[in-house]
Every structure is written in structure tokens, then in C-alpha cells.
Amino acid sequence: MRLPLPGPVKQRLGVWLLNRTMRNGIDLRKLRFLPDSVTLPLKRDGLDPLPEMMRVQAEEPVRKLADMFGKGVWLVSGYEESKEVLAGGADVWSNDLGQFVSQEGRSDEEQIGGLGMTDPPLHTALRRYLTPEFTMRRLARLQPGIEAIVAERLDAMAEAGRDGAAVDMVEQFAFAVPFDVICDLLGLPVDDRGRFLELGVARFDLTEGGAGAFGAAAHTREFLINAVREQRGNPGDGLIGALLKEHGDELDDVTLGGIADGVFLGGYETSASMLALGAYLIASTPKAGEMLRSGEAAQVDQVVEELLRHLCVVQLAFLRFAKTDVVVGGVQIKEGDAVGVSLLAANRDPALGTGDADLGVFDPSRASTRHLAFGWGMHRCVGAELARMELRTALRMLAERFPDLAMAADLSELDFRKLSAVYGVEALPVYTGASRETVSTA
């Protein structure tokens, strides 16, 4: 008979096993699980942070979660404290995750990179290639294409929902729209949507530590590196082709494939989660649908910004590693310690509210407030404005096409991701019309 271990004992045993596994050097690819003590910011109750998370924010906005591999692991959850970390310079913080992942014997596809995991001067150089492509002027040319993609997916939803059948918003709409948009932007085919739906989820899934996430990353990097190789001799009309035409002599296939990988993954997985969970809130909040159908850009923007703040599907910013002893929110963090920033908790910090406003409530009428849904500082999401364009267009057109959109399942019946850096739901069944009795979403 096996006796269950008390929680604190189990946590200490787990940390001991991790430290023993990594005694010859930290390699996050070998990390098969995360100890309970560090998973708090990755867990939710439905759409909301755990009550424990908000208690931690109120009492200890800079909190040490654990000691692992001889280093402290910290959680920052207050808005001002989070902003302080995110805005910190490269002299204080490093985002270089590659230093903790063995590259020996790894193929090009398995190397660690991307804007969020690099430091200046490499980060500065990589971002320089992308920034001109994501100005509002350049992005404006995508608007007609986004509208056409959304209209096509709404038609598919209408067909799937004929005769009152429930429709899976994730498969039919929330994933398909941003995936098709980002493929159009990069100049890639949209043939294998289903495969990348699974890979995108796997890359942020931390239920098996880092092992599964890094494995899924290798598959998508391989796809994009090959796409660069194929286009090098005959560049296409998308972003990959444009970068090859303008900077092909400077960028090898692996580097450009890595840049494309960051745009590709960041461009569809986060937006897909926002569209699915946003559709849930719109279906259960009549005022949001009314504002989206108003025809007024300011009201559409108001709904989108509140959704971004409230849902904040990117739960945790890329880890920062202290390059020197540093004080955050009055708390000393030692050189080498790892710091995670809970963007979700920071976005619900009462310090952002006015009067008695409850930032734990989704209120589409709320005057737009500050939020960190796209991060802050030099690692702020380069595709933030593209994401806003997609959300404004897709949610407005969804509300106009299906004013009677209703949930076909209760919130408690939905299968939410358990331990994922990007929060989401596996499926979201809805009725597109009012012909069926709706399920309460209270």
C-alpha cells in the first residue's frame, strides 16, 4: 500500500529530484515536470486567476516561489512591480533561455532562439528586421484580406450550425482566422491547419516540464526553415519573401526561419485563444455584442481592450534572469535568480482601477485602462497592432453575423488548458442562432 505524501514533503522531494537530474548542468529539455510551488501563475479557475494568486498579489507582489538548481525562482504579480521588471534594461536582466538548454548534438531545428529568448545586441538586430513590417501603414494593407478570411470562416460556421447544430468555435473560427491571416502575412500555404493546431498548443504546454514544449518547437521550426529554403531562390509575396529580397545576404536560412517562427507562433496561437475566450464572453455579455455592432470604432476598441486586459491569455512573460543583484518592489533578488511576471495578475491589480471598480469583472463599458497583455519594454510583442486588427475585425463581424450567438455548454464543462504559458480552451461549442434553448453561462 502506497501512502500519499503530505504536500510540503512532496514538493521538497520533487525539487530534490529535479536538482539531482540537473546536477551536471541545467538543461531544461530534461525537465519532465514542474514542482507545484512554481505552477501558481499557470493555473486558473475558469477565466480567472486562482484566488490564491490574487492573495499573493495583495500580500506579496514580489514573492519567492522556490529554490531550484541553486537559484531562486520569483513571481512578480503587482502591476507597477511587473512593469518595473519588464522595462528593465539588458544590463540588469537577461532573456537568454538558451544558456539553460544544452545545444550539443542538436539540429538547426532544435536550437533555441526567437525575439523573446534573446538579449541585445542579437535581439536588437533581429527586431530591426521586423519592426518596419509591423507599422500601422504596412499593416493597413492586410485589412481587406483579414475581412475576407473572417467572412469565409463565418460562412463555414453558418453551414456547420444549420438546423441548430452546435459549432466548435475553436476549430471553425478562433484558430482558423489567425492561422490563415499569419500564413497570408508570411506567404505560407494553409494546407495543414490541423497539425499546427496541435503543435501550437504543445509548444506552450508545461504539464511535462520543458520536454514536450521543446519537442513541438522543433517541428514548427523545421517547417519554417524549409519554407525559407524553398523561397530563397524564388521569394514569395509574403514577409518571408520580402525579408529575403531585402536582407537575403544577411540572413541565413536558420536565422530567418527563427524570425518567421516567432511571428508564426505569436501570430496565431495567442489570437486563437483570445478569439475563443472572447467569443465566450461576448455570448454571455449582451452589452459587449451591442457595442461591437454599434458601428462606432471607439466602442469596438473599448471591448477589445477590456478583453485583452481581462483575459490576458499570455499568462506569464518570458522568464528574466538577474544579471546582478537587483531590488524590485523593495525586495532583493540575487544575481542568477529567475523571475516570472504574471501578466494576468498584473492586469487585475486594484491599483489600475478607479473608485470601487472591480477589475476581476469583465466590463465592456469600462473606460480603457492600462494593461500588460502585450508585455512592456524592449520585449513588448512586435505584432501587437496586428493582433488588435484581427480582434477588432473578427469579433465585430462575428457579433454582426450572429447576434444571437449562445453557448452550447456551461463554463464548468469546458476543457481548459491545465499548465500552459498561453491559456486557452480545447473546444468551445456554440449555437449560432436562437433556434435552440441556450445553456446558462452564469
**Request:** Would you sort out whether Asp91 and Lys323 count as a salt bridge (charged side-chain N to carboxylate O under 4.0 Å, His left out), showing the intermediate values?
**Result:** CA-CA 7 Å; Asp91 57 329; Lys323 298 173 74 171; over 6 Å; no
Looking at side-chain heavy atoms only, is the closest gap between [X] and [Y] below 4.5 Å?
| X | Y | result |
| --- | --- | --- |
| Gln332 | Asp325 | yes |
| Leu281 | Leu277 | no |
| Met157 | Val430 | yes |
| Leu419 | Lys43 | yes |
| Tyr423 | Leu344 | no |
| Trp93 | Val326 | yes |
| Val263 | Phe134 | yes |
| Val341 | Arg320 | no |

**Prompt:** Please walk me through it: do Arg417 and Glu269 pass salt bridge (charged side-chain N to carboxylate O under 4.0 Å, His left out)?
**Reply:** CA-CA 13 Å; Arg417 297 175 193 166; Glu269 185 61 30; 2.9 Å; yes
**Prompt:** In this structure, which one of Arg370, Arg366, Arg388 forms a salt bridge (charged side-chain N to carboxylate O under 4.0 Å, His left out) with Glu305?
**Reply:** Arg388
Under a 3.5 Å distance rule, please check whether [X] uses its side chain to pair with a backbone N or O of [Y] as donor and acceptor.
| X | Y | value |
| --- | --- | --- |
| Asn347 | Leu372 | yes |
| Thr124 | Pro120 | no |
| Ser273 | Val313 | no |
| Asp168 | Leu428 | yes |
| Thr285 | Lys287 | no |

**Message:** Check for me whether Arg44 meets the cation-pi criterion with Phe416, that is, NZ or CZ under 6.0 Å from the six-membered ring centre and within 45 degrees of the ring axis.
**Reply:** no
**Item:** Full working for side-chain contact (heavy atoms from CB on, under 4.5 Å) between Leu42 and Leu316
**Value:** CA-CA 7 Å; Leu42 299 175; Leu316 202 63; 4.3 Å; yes
**Prompt:** Going by distance alone, is a donor N or O of one side chain under 3.5 Å from an acceptor N or O of the other, for Arg348 and Gln57?
**Reply:** no
**Prompt:** Side chains of Ser412 and Asp410: is there a donor and an acceptor less than 3.5 Å apart?
**Reply:** yes
**Prompt:** Between CE of Met378 and NE2 of His123, what distance do you get to the nearest 0.5 Å?
**Reply:** 6.0 Å
**Message:** Can you tell me how far apart CZ (Arg293) and CD1 (Ile282) are? Round to the nearest 0.5 Å.
**Reply:** 9.5 Å
**Request:** Please assess Arg309 against Glu306 for the test salt bridge (charged side-chain N to carboxylate O under 4.0 Å, His left out), listing each intermediate value before the final yes or no.
**Result:** CA-CA 5 Å; Arg309 181 202 66 79; Glu306 175 67 355; 3.0 Å; yes
**Request:** Determine, step by step, whether Glu147 and Arg396 satisfy the side-chain contact (heavy atoms from CB on, under 4.5 Å) criterion, reporting the C-alpha distance in whole Å, the side-chain angles of both residues, the deciding distance to 0.1 Å, and the verdict.
**Result:** CA-CA 10 Å; Glu147 291 178 359; Arg396 172 183 56 79; 4.1 Å; yes
Hey, what's the ring geometry for [X] with [Y], parallel, tilted or perpendicular (30° and 60° as the breaks)?
| X | Y | result |
| --- | --- | --- |
| Phe264 | Phe179 | perpendicular |
| Phe175 | Tyr268 | perpendicular |
| Phe362 | His310 | tilted |

**Message:** Does Trp74 form a side-chain contact (heavy atoms from CB on, under 4.5 Å) with Val62? I'd like the steps, not just the answer.
**Reply:** CA-CA 7 Å; Trp74 295 81; Val62 181; 4.0 Å; yes
